[in-house]
Amino acid sequence: MLEKTYDPAEIEPRLYESWEESGAFKAGRNKDGEPFTIVIPPPNVTGSLHMGHALNNTLQDILCRFERMRGRDVLWQPGTDHAGIATQMVVERQLAQSGQNTGRRELGREEFVRRVWAWKEVSGGTITRQLRRLGASCDWSRERFTMDEGLSAAVRRVFVTLYRQGLLYKDKRLVNWDPHFLTAISDLEVESREVKGQMWHIRYPVEGGDESIVVATTRPETMLGDTGVAVHPDDERYTHLVGKHVILPLTGRRIPIVADSYSDPEKGTGAVKITPAHDFNDFEVGKRNNLEQISVLDIHARIIDADFIPKAYRGLDRFEARKRIVEDLEAQGFLVEVKDHVLMQPFGDRSGVVIEPMLTDQWYVDAITLAKPAIEAVRKGDTVFVPKNWDKTYFEWMNNIQPWCVSRQLWWGHQIPAWYGPDGHVFVEETEEEASTAAAAHYGAETALTRDEDVLDTWFSSALWPFSTLGWPEQTETLKRHYKTDVLVTGFDIIFFWVARMMMMGLHFMDEVPFHTVYIHALVRDEKGQKMSKSKGNVIDPLDLIEKFGADALRFTLAAMAAQGRDIKLSTQRVEGYRNFATKLWNAARFAEMNECRVPPDFAPASATHTINRWILGEAERVTAATVEALEAYRFNEAAGGVYQFVWGTFCDWYLELIKPLLNGEDETLKAETRATTAHVLDRILVLLHPFMPFITEELWHKMAEGAGIARASDLVLAPWPVVDAALADADADAEVRWVIDLVTEVRALRAEANVPAGAKLDLVLVGADATVRDRAERHQDLIGRLARLAGIGFADTAPKGSVQIVVAGTTAALALGDVIDLTAERKRLEKEIAKADQELAKIDGKLANPAFVAKAPPEVIEEQQERREATAKARAKLSDALARLVASL
RNA sequence: GGGCGCGUAGCUCAGUGGGAGAGCACUACGUUGACAUCGUAGGGGUCGCUGGUUCAAUCCCAGCCGCGCCCA
């Protein structure tokens, strides 16, 4: 016997363990099945589960469980990401907090990396444990880590291959430099924010004469590295100065005035200072005009110690230097004016400090070349985005892609497989031995090499994830069988970081797209629509919700809210509501159990005879088909909503109520059929709900069988998904039950509006009922009586005196209210109903009277309108009859 | 400046070229041996505004207003 209440906290962990032990999630278990493959977006190894993960993995799990039941050989490939900068940050912070005053540099690279690994060992299990708690049916036996042996080998192979193909190279260019972490970062890791600053107008004297030119800048301190002044070629104010030189204040350096269309005559003074080594635009201007590139900042963004820089500024922090330089310019009369100015300033997304464009040697991937096939693949539809619109975002980025800076001056990550000889010659090889061999060949003798200190951008290894996790560069069976994968489920925030790069790498190395579908889901926000963040303190921890309401409730909530194209504003109330849904299901199962419902081995739904049973069997097929259709289209919310409505609104609210008289009746054959049907439909519900609510459904799957003394062929997780049997739909049964439901609903509404005490049983008379109605009423009078609280159902040609009338499907039903009738209320009700019908009629008549409508609308629409008009008119006539009679009796 | 998206019940949100929906909240009443984490019923909306297309627009198109996000 099922416990009175459902306790997810007890059930969920136990069931997960048993699934994992039985190998239910293992790929290859079902060798005959067509493969279905999803690679998990690898969470940071030292992270913990947040709401975005919960959504992301719930959706993947729904698909995996659905396809597994449908007979596919499912591989949900799990794993974690080493998350270079993020993880290094955490460990550095720990070092700082340990109070031992040892930073990573004091520790040394080897020891520091050892400590990061140690931290990974300690905390690395957290997120995978939490994914299990959520119910994620990953094949954990295949769990990977971006820095494990195999994946590291893949990284080296890709690096070396791209290098040899000329698609990866070392270059001295401006990069986004993070002066806090002392590393280069990619464009994507830079956040531009609007900042209130100033615009300084500085006068640069023109060489040989009294003239001067005023430049406007937001970064006066970089003037130490100015190597030119640019004016627009068409700007007549300055034409005569082009080709001349200015003498840079404070340093006295002599720099040229050049014409370049980069300067905007409308902005500032129309003249700009050019600092090629510290500004991306200036870098380009400098290249076009052959200007020198002079770096004036060190890696900490302090003014360097160099001869050409006045002593007073050497070693100053950039902001301090700005202050001093502005003061000095003012003192010496070079500062013309200072204006408040709002500018876009780049910040490191992790460090939060102002990013400095710096001229450094870095490794770059030729993304422009790699992007071409990746763009084409989406254009051709080899990979489709769902919702479709996201392909625009993808194209936008890919069409404007820049060389990808992949080197990082960090310690935690894949060290770049490049070695340098004494003369700086570079050897790019997969191993140190190969590099040594190459060096020996190059120099004609054994030569000591030093390895490149840098590591690769974390996303470099993530980009290989769909094939590296399957065994590449080895040509494994798994790789052959499961690449390309099926669908990638992810948030839009990493389309650039990850999706685009997987597309490029997948196409380049596997010659095939990594997935046929990219399902982009929403962002989970708090109930006010704010992005959840630690600093705002509005983070809802999915594990708290799981603890409180169960993983099933959280999963169902996320699925039900995962409508395409809109963010999810999560409220606890909603989760609570779906917890109640789980309880409802539990209680429905208890009811079935109490009534000894079970599916006999030879049960054939098609042979069911009773209308109620035939009706629910047809409905069950319909909801099954709808669920499949919705899931195949990634409409999670529709799938969830449809099943919810069926379980609560159809099965519990009506079917279970309708069969109570049958189960308590005398007809044993009918009872047996009804029990079988109930159990059959309940089983169906468990199957349909399993992808969404795996725990409670699995529990009931077993508990119901136990109670009935039957054995299940398998756990629900591996049970076969039903093939829809459309032949079970029975239009007559549908119409009949619909009629019963309408009648009961109408009578209930009437009772409530007429303030009939809940306990009072009334007589119902069907007026002028035809054979069909009479037949239906007689057949179902017990249950109609029960649900509508009737003493009995009779038939008559006219409504009994003093009765109140309603119209159900064209037939007048009279309720003898006797003393309990509230005549005024009843009159009001009838008038309201009539008014509603009149409004409706006016609307339809308006349409039908319109010749254009009759001429142009499709025949079926016209017919439908005519039918509606007739039905409404009939009902209105009966209502007004009833009203007339009522008024007469007053 | 470029791009994407959103404005539907008090709140959170579905949805559709032809009869406005759900959950929560609210109100009233609770009875029938699954369920008070429940049941029954009810109130509540010119579907942001203005035009256009159409026989017909909440839905398609344009403009406007308000809001959000991404990129520069």
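Lettering follows sequence order; numbering is per chain, from 1.
- D493(A) places its CG atom 19 Å from the P atom of G68(B), with the value rounded to the nearest Å.
- Counting any heavy atom pair closer than 4.0 Å across all strands shown, P851(A) reaches no nucleic acid atom.
- The closest donor-acceptor contact from the side chain of K878(A) to the backbone of I806(A) lies at 3.5 Å or more, if one exists at all.
- For the atom pair CH2 (W648(A)) and CH2 (W654(A)), the distance works out to 16.0 Å, reported to the nearest 0.5 Å.
- Using N1 to N3 plus N6-O4 or O6-N4 for Watson-Crick, or N1-O2 and O6-N3 for G-U wobble, each under 3.5 Å, U40(B) pairs with A28(B).
- The gap from the C1' atom of A57(B) to that of G17(B) amounts to 7 Å, rounded to the nearest Å.
- In this structure, K584(A) reaches the bases: a heavy-atom distance under 4.0 Å links it to at least one base atom across the strands shown.
- Comparing R789(A) and V861(A), the nucleotide of RNA chain B nearest to each residue sits closer to the 5' end for V861(A).
- A distance of about 28 Å separates the P atoms of G52(B) and G45(B), rounded to the whole Å.
- One atom, CH2 of W648(A), and another, C1' of G23(B), lie 10 Å apart when rounded to the nearest Å.
- When the C1' atom is used for both C47(B) and A22(B), the distance is 15 Å, rounded to whole Å.
- The pairing partner recorded for G63(B) is C49(B), the criterion being a Watson-Crick or G-U wobble arrangement whose two distances lie under 3.5 angstrom.
- With a 3.5 Å ceiling on both atom-pair distances, A9(B) lacks any Watson-Crick or G-U wobble partner.
- Under the 6.0 Å distance and 45° angle rule, K392(A) does not count as a cation-pi partner of F385(A).
- The CE-C1' distance, from M561(A) to A22(B), rounds to 12 Å in whole Å.
- Pairing of G68(B), defined by two Watson-Crick or G-U wobble distances under 3.5 Å, is identified with C4(B).
- Under a 4.0 Å N-O distance rule, the pair D782(A)/K660(A) does not qualify as a salt bridge.
- With P as the reference atom, C49(B) and A9(B) are 11 Å apart, rounded to whole Å.
- If you check U16(B) for Watson-Crick or wobble pairing at under 3.5 angstrom, you find it has no partner at all.
- Shown here, A34(B) forms no base pair; nothing in the strands shown gives a Watson-Crick or G-U wobble contact with both key distances under 3.5 Å.
- Aromatic ring pairs are classed by plane angle as parallel below 30°, tilted from 30° to 60° and perpendicular above 60°; the pair Y578(A) and F581(A) is perpendicular.
- Straight-line distance between the C1' atoms of A14(B) and U50(B): roughly 27 Å, to the nearest whole Å.
- When the C1' atom is compared between G2(B) and G19(B), the two are found 43 Å apart, to the nearest whole Å.
- In this structure, E576(A) reaches neither bases nor backbone, as no heavy-atom distance under 4.0 Å exists between it and the strands shown.
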